[in-house]
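Reading through the structure tokens given below for one structure.
Chain naming here is simple, since letters A, B, ... match the order of the sequence lines and numbering starts at 1 in each. Side chains included, hydrogens not; waters and symmetry mates left out as well; all remaining heavy atoms used.
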Protein chains: 2
Amino acid sequence: MPAMARAATTADAFNAVAEPRRREILDALAGGERAVNDLVRLLGLAQPQVSKHLRVLREVGAVDVRDEGRQRLYRLNGHALRPIHDWVKNYERSWSERFERLDVVLEELKQKKEGNGS
Amino acid sequence: MPAMARAATTADAFNAVAEPRRREILDALAGGERAVNDLVRLLGLAQPQVSKHLRVLREVGAVDVRDEGRQRLYRLNGHALRPIHDWVKNYERSWSERFERLDVVLEELKQKKEGNGS
DNA sequence: TTGACATATGCTCATATGGGTATACGATGC
DNA sequence: GCATCGTATACCCATATGAGCATATGTCAA
């Protein structure tokens, strides 16, 4: 068991998506399939960097590839992001007015119940 | 400008939360304020590790601290997670049936419009 | 075949990680 | 004052990162 410094970026979607450039790539792919050079132009990154980021995204299943002649067309696969969504969703109550109001109501119910004595 | 290898874990919530133990800590704090040793017991980690993780979470604003005698009570501050929620929310359509059905409707509308000729 | 294009991989470098262990700091109680 | 509890920090280590640059691989065109 080698002492792991930091989980690999390919360990899961959380790690893959921690890199801002990779989020940008996903955002770009949200508009539809793109070839690598497309992304290079869109993001203003060097081609090798883009390819490497795409590899990471591929390994966590956030993108799929398709060969089209000389080009490799990447497409988004949002399912990989679901665990992130599911996790963070539980914290929505921290900022959502909707939940804040709900909390108020629940608090009132609780007080009332205590007032009645069980 | 030193060549940064990987963004600091304290760079933003995305990076802070990429570490599973830190997510566990936040999940534990969702139940309410906790002292460090509480978390040590709950997570089964060494105390210094917990303190370090808490430091990272503090630096990205995901937790707040309060001194109570010898203890330091940490409490969740979910607001820091909002950017994550907002970002990932846009990908919900990838797996949500709700959105899939919406897409079907939109597609039908589009077809109809094309049929009518502009 | 030769060459241009599109993409992936290899390598080096500086960096910061997270675990482990020891220790410093601060508050409390005797 | 002194021991003890609760927590933070310092240090060492192995690891993998992401950028930059060079190069390999694969595909089409002349």
Side-chain angles (χ1 to χ4, degrees), chain A residues 1-26 28-29 33-60 62-75, chain B residues 1-26 28-29 33-60 62-75:
Chain A
M1 295 97 254
M4 199 130 19
R6 193 169 171 182
T9 56
T10 54
D12 55 34
F14 284 94
N15 280 282
V17 151
E19 167 64 31
R21 308 306 171 89
R22 285 197 281 267
R23 289 200 298 278
E24 288 181 27
I25 289 181
L26 292 180
L29 291 179
E33 239 179 8
R34 297 269 186 200
V36 177
N37 265 340
D38 266 20
L39 295 170
V40 169
R41 274 176 240 118
L42 282 170
L43 307 188
L45 289 181
Q47 176 269 316
Q49 271 57 286
V50 173
S51 281
K52 285 180 207 168
H53 283 312
L54 285 169
R55 188 171 183 7
V56 173
L57 291 173
R58 234 187 307 140
E59 293 197 30
V60 300
V63 299
D64 294 323
V65 212
R66 181 167 72 87
D67 282 40
E68 173 96 10
R70 316 180 178 184
Q71 306 190 299
R72 308 205 79 192
L73 301 179
Y74 282 83
R75 85 161 45 222
Chain B
M1 297 96 255
M4 200 135 11
R6 190 170 172 182
T9 55
T10 53
D12 56 32
F14 284 94
N15 280 283
V17 151
E19 167 65 32
R21 307 305 171 89
R22 283 195 283 266
R23 290 200 299 279
E24 288 181 29
I25 289 180
L26 292 180
L29 290 180
E33 240 180 8
R34 295 269 186 199
V36 178
N37 266 340
D38 264 21
L39 295 169
V40 168
R41 274 175 240 119
L42 281 170
L43 306 187
L45 289 182
Q47 176 268 316
Q49 272 54 285
V50 173
S51 281
K52 286 184 211 165
H53 284 312
L54 284 169
R55 186 164 174 31
V56 173
L57 292 173
R58 234 187 309 142
E59 292 198 27
V60 299
V63 298
D64 294 323
V65 214
R66 181 167 73 85
D67 282 37
E68 172 96 9
R70 317 181 175 182
Q71 304 191 299
R72 308 204 81 193
L73 301 179
Y74 282 82
R75 85 163 43 221

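Residues A/R72 and A/L54 form no side-chain contact, since every pair of their non-hydrogen atoms from C-beta on lies 4.5 Å or further apart. For the pair B/Q49 and B/R21, the minimum side-chain heavy-atom distance is 4.5 Å or more.
Shown here for B/Y74 and B/V36, the closest heavy-atom pair between the two residues is CE1-CG2, 3.6 Å. In terms of heavy-atom proximity, A/A28 sits nearest to A/L39 at CB-CD2, 3.8 Å. Residues B/E33 and B/L73 come closest through the heavy atom pair OE1-CD1, 3.8 Å.
One interatomic measurement links the two molecules: CG of A/L45 to C1' of D/dC21, which rounds to 15 Å at whole-angstrom precision. What separates CG of A/N15 from C1' of C/dA16 is a distance of 14 Å, to the nearest Å. Rounded to an integer number of Å, the gap from B/R6 CZ to C/dC13 C1' is 17 Å. Between the CZ atom of B/R21 and the P atom of C/dG18 there is a distance of 11 Å, rounded to whole Å.
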Could you give the side-chain donor-acceptor pairs of residues 8-18 of chain A under 3.5 Å, partners two or more places apart or in another chain?
{"from": "A/D12", "atom 1": "OD1", "to": "A/F14", "atom 2": "N", "distance (Å)": "3.1"}
{"from": "A/D12", "atom 1": "OD1", "to": "A/N15", "atom 2": "N", "distance (Å)": "2.9"}
{"from": "A/D12", "atom 1": "OD1", "to": "A/N15", "atom 2": "ND2", "distance (Å)": "3.0"}
{"from": "A/N15", "atom 1": "OD1", "to": "B/R6", "atom 2": "NH2", "distance (Å)": "3.4"}
{"from": "A/N15", "atom 1": "ND2", "to": "B/A18", "atom 2": "O", "distance (Å)": "3.4"}

Might you list the N or O atoms of the protein lying below 3.5 Å from N or O atoms in nucleotides 1-3 of chain D, with each pair's distance?
none

Q: Encode nucleotides 5-11 of chain D as B, S and - characters from 5' to 3', where the letter depends on protein heavy atoms closer than 4.0 Å: B to the base, S only to sugar-phosphate, - to neither.
A: BSBBBBB

